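Quick caveat: nothing in here was measured; it's all calculated off a predicted structure. We name chains A, B, ... by the order of the sequence lines, and we start the count at 1 in each one.
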Amino acid sequence: MPRTDHDAGRDPGPPGSGRLREELRSAVDLVQLDQPPLAILERAAARRRRTRLTILAVAAATAGVIGVGAAVAGLRAAGAPVAGPGPGPTPGQHASGDPGTHSGTGVPACGPGDLAVSWLPYGHSSMPGVVYFLRLRNTARYTCVIKGYPGLEVAGPATLHGNRAMYAPGNAALGRIPVAGIHLAPGHAVLSQVMFGGSVGWTGCVSPEWKVTVPLSRGRQPVRLTMPKSTEAQLCDDMPYLVSPVYPASRGGLPPSPGGTPPGSGHHQADYQHALATVRAYLATWKSKGLRVANDQFLPPQYGPRPGPYGPRLLSGKVTGFQPVSWTSPDEFTLVVDMDLRFPGTAQAWGQGVNTRFVTFAKAPGTPTGYRMTLATGP
Amino acid sequence: MDGGGTARAGARPCDAPLVRRTSAESSAEVFAAVYVAHYRELVQMAALLTGSAAAAEDLVQDAFVRVMARHRVLDEPLAYLRTTVVNLARSRWRRARLGADKLATLGVVAVRSAEPDAADGGFTRLAIVAALRELPARQREVVVLRFLLDLSVQEVAALLGIGTGTVKSYTARAMEALRPRLEDPDAAH
């Protein structure tokens, strides 16, 4: 690439940069070009534009939320509640506006310090959007009340722009979610669904960082969150995202299980604890004997031993929480399990610290704990 | 919604006659001019960012299609295209890495061909390309934007949405990592 007059007066860069420039330019001289006529790309762009509009129209119709299509077109739908001034619920604030206690009950409102906020590593590709779940778990020792919409803002990167939160009581994935006060016992969680627009025809897509303001605590310091790497969640320029009110995690919130309604966390506790013992045994085996042996003992045969390098070494691992997802029978059910994992080196597809996985347990007589399990980043 | 903060960032003053719209110009004409004048530069940039000459043209054409598909008229399409190419290259890189991680977890080891890819004239096998591939994505982007496109620190910072200090820091780290290669061309073989 030839230098231009414009180069004159430019910062020459650190020592060695001249040589680097030469090497880069020599390298790119090898790149062959086959530049198509612009008209071909224009036709592809027109197709993409039509596809995107079709998808967004379907999105708006399916979700029953007028604002999706309108937001992308740069319009504000009259009936859709959106962040900031305007009609409808305001994120981060109770509808009745009392920031201290839930109206008249004496039960304190859940504050940011009471809640652990995280993303569930789950991207549900239900047409047309992608649904993610924001989880707020009560880490306090007392019951508190939570109600309304979590505030959700894009915190970065700076290259991302034009995104708009739309707060609406329903979407295509879960139907209508009532805004209601929820008494959140210690250890229990609520979910809020976040749906991104379709992923066709967008530009500037990156995995964003978020600022989350918990309901009832507007004005307090927001929590900064990144999405789990496993979701590869990407938000694009000008893409709106729908945020639902919080609802009890025991309602399910995830696609319905084939066996019927997911159970509340109070049911089937004995089965859950038995199943979690399997996860603990799996982690103990992984730590002491390696992932190959652990997979062989606790996972279905297709996860069994293979030649070659096999997964990261585990320094320590423990189960730190769980949430029921679906219940088919005592012989088959799924939990979302939080595990705190530490690795001495690379974690590969795992992460240092909290790892959340959808774990499906299936009764398997003759195995060490009576269950085999499958691990997934989504259901 | 403007978005111009990013879009304007990568434009150099010398690009201004090409990319800055006036009321008399149609955006299509400006875009066509950018396509003719800057396609090659964008492909070269994409090739270094992705480490693959074969993927670079697809990526740049995808960037043009995406940007042209937008309803919004861009003040400075070249800057916007550069940002789009960087983002697409980063996405491609992330997908490739995620795939490799998953394969590694399953005990599958990726096998690379021992023969240079004849279709790209040996580009993929160049030591400097291999060395760039070893850099973290941000460092690689900074190196390519600064030393291939000759953008200033401020322009790179604005284009990537990071601070000028961060650009300098990435540059220094990248230079440190590349120094053995620059001092000894055979070091990476």
In short, salt bridge (charged side-chain N to carboxylate O under 4.0 Å, His left out) pairs touching residues 157-176 of chain B with sequence neighbours left out are B:E176-B:R179
Okay, B:I162 and chain A: the region with an atom under 4.5 Å from a heavy atom over there is neither
So CG of A:L41 and CZ of B:F64: to nearest 0.5 Å the spacing works out to 7.5 Å
Here the gap from B:Q44 atom CD to A:L30 atom CG, rounded to the nearest 0.5 Å, amounts to 10.0 Å
If you tally heavy-atom pairs under 4.5 Å between each of B:D62, B:N87, B:V143 and chain A, the highest tally belongs to B:N87
Note, A:P36 side chain near B:Y35 side chain (heavy atom, < 4.5 Å)
yes
### Task
Apply side chain to side chain contact (heavy atoms under 4.5 Å, CB included) to B:L48 and A:V31, showing your working.
CA-CA 10 Å; B:L48 289 177; A:V31 177; over 6 Å; no
The residue among B:V129, B:L178, B:I128 that forms side chain to side chain contact (heavy atoms under 4.5 Å, CB included) with A:E23 is B:I128
Nearest heavy-atom pair of [X] and [Y]: which atoms, and what distance?
{"X": "B:R146", "Y": "A:R21", "result": "O-NH2, 4.1 Å"}
{"X": "A:A158", "Y": "B:G161", "result": "CB-O, 3.7 Å"}
{"X": "B:M175", "Y": "A:L20", "result": "SD-CD2, 3.5 Å"}

Sorted by chain and residue number, the side chain to side chain donor-acceptor pair (under 3.5 Å) partners of A:R372 (sequence neighbours excluded) come out as none
